[in-house]
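Below is one structure, written out as structure tokens, with a few remarks after it.
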Amino acid sequence: MLEQAAQAAVTGLKEAGIDFVSGLPDGWQRDLHELVEADPAFTYVPVCNEGVGFSVCAGAWLGGRKTALVMENSGLRVASEYIARIGLGTGVPVTMILSYRGDVGETEHWGIPHGIVVEPLLDALRVPYLVVREIERLRPAVKRAHRISEAQLHPAAVLVSGDCVWED
Amino acid sequence: MAVERFELLELLAEHVPDDALVMATYIGAVSFEWGCITEEHPRSAHLGQMGDVIGLAVGLALALPHRRVICLDGDGSVLMELGQLIVLGQERPPNLTTVVVDNRCYESIGWSAHGRRPTATAGRADLTALATAAGVPYARTVESMGELNRELTAAFDEGGCRFLDVKTNPGASRVPPRQTDGIEDKYRFVRYVERLEGKPVVLFAQQDRQLQHESSLR
């Protein structure tokens, strides 16, 4: 993620009222993790498994915090077990910011399956999402995803790609 | 050596401070008996399932660092997602006591003429060693009621991030199943947290709140 995009995402998180972030860094969102970790406005909990990160966020929400999970879209597959159990089964909101690896423009062969799976999987999990490919759309998208997440008490997602990660 | 699960839960209930919160599994005998022993007190969230109870408890403990949190989990659940031990060992919430009811089998799936299906703790897996290796500062295996009483007394007198792997005998629930689902359990718990902490968890009706605010300014 370009520095300007990472800054926009942080602003969106703050304006949404999110104060607790977990996640597993990836190549695109490494800078976002670093910004969040360094910012005292957030409690940052790094995890080595996105499913655990989802559980940690859900627990923090039950304690009154507003949470986000930042991860590569491959992490959605790992977290899907807990999104189904905790999200669909209990109804807990978590705003998820996912790198859209495998989107048009991808350079890495290993990212292709991530792109093939992510949107059908979000649909299967009944997670509403926005695909953001312009930096100026990222801040409001994070806020909007958080709003519907809180309104439906179920996760919502932002998929980040395009101009947010590439300068062509 | 091992203890009876119901007696373990009765003793734990005696030790849990009134203002503490409990993140418990809602699967099987542990949940049924804990709900019965604690008379379904709303301080207990029966929201954890297989592989997420410790993760939920870590999040809750970090969210409310001033409040004692107890995690009540089973061996099958811990084994399903060992990554939870990593985040427990990394974050080390000093207000979190984890109690694993380790009966070394998958009790809730029932059993056949061949007996109960064993978990890996019936074999070579050692949850206390795993927790220690993950960085949990205090992890102990407990095999008697005397040990359990000492460990729980220390946990609630001294605090700290503690992990207790309590070996229990297998056995069906002594009480009937609980009669709520995850949705009802969630609302019961968060409304209790809201009263306890004096702040909202669920934030419905934002538009209506804004309209109310604007009308009050006119």
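Letters A, B, ... mirror the listed sequences (proteins, then strands); counts begin at 1. Computed over heavy atoms, backbone and side chain alike; hydrogens, waters and symmetry mates excluded.
With a 4.5 angstrom heavy-atom cutoff, Ile183(B) touches chain A via backbone and side-chain atoms both. Contact annotation for Ile86(B): only side-chain heavy atoms (C-beta onward) come within less than 4.5 Å of a heavy atom of chain A. Contacts between Cys48(A) and chain B at a heavy-atom distance below 4.5 Å involve the side chain alone, from C-beta outward. Contact annotation for Pro46(A): both backbone and side-chain heavy atoms come within less than 4.5 Å of a heavy atom of chain B. Heavy atoms of Ala58(A) lying under 4.5 Å from chain B belong to its backbone as well as its side chain. With a 4.5 Å cut-off on non-hydrogen atoms, Val45(A) touches chain B through its backbone and its side chain both. For Gln90(B), no part sits under 4.5 Å from any heavy atom of chain A, backbone or side chain.
Met80(B) CE to Glu81(A) CD: the interatomic distance, rounded to the nearest 0.5 Å, is 6.5 Å. Distance OG/Ser55(A) to CG/Leu60(B): 12.5 Å, rounded to 0.5 Å. The structure places OH of Tyr187(B) at 4.5 Å from CG of Leu153(A), a figure rounded to the nearest 0.5 Å. With values rounded to the nearest 0.5 angstrom, Leu203(B) atom CG is found 4.0 Å from Lys66(A) atom NZ. Separating the CG atom in Asp52(B) from the CZ atom in Phe54(A) is a distance of 9.5 Å, to the nearest 0.5 Å.
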Intermediate values then yes/no, side chain to side chain contact (heavy atoms under 4.5 Å, CB included), Leu62(A) and Met23(B): CA-CA 10 Å; Leu62(A) 291 164; Met23(B) 181 57 67; 3.7 Å; yes

Val56(A)/Val87(B) under side chain to side chain contact (heavy atoms under 4.5 Å, CB included): CA gap, chis, key distance, verdict: CA-CA 9 Å; Val56(A) 169; Val87(B) 76; 4.3 Å; yes

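Between Glu81(B) and Tyr82(A) the shortest side-chain heavy-atom distance falls below 4.5 Å.
The environment of Arg174(B) atom CZ is dense: over 12 non-hydrogen atoms of other residues, nucleotides or ligands sit within 6.0 angstrom. Residue His109(A) qualifies as open at atom NE2: its count of foreign heavy atoms under 6.0 Å is 12 or below. The number of heavy-atom neighbours closer than 6.0 Å to CD of Glu3(A), taken from other residues, nucleotides and ligands shown, is 12 or below.
Judged purely by atom type and a 3.5 angstrom limit, Lys186(B) has no side-chain atom pairing as donor or acceptor with the backbone of Val92(A).
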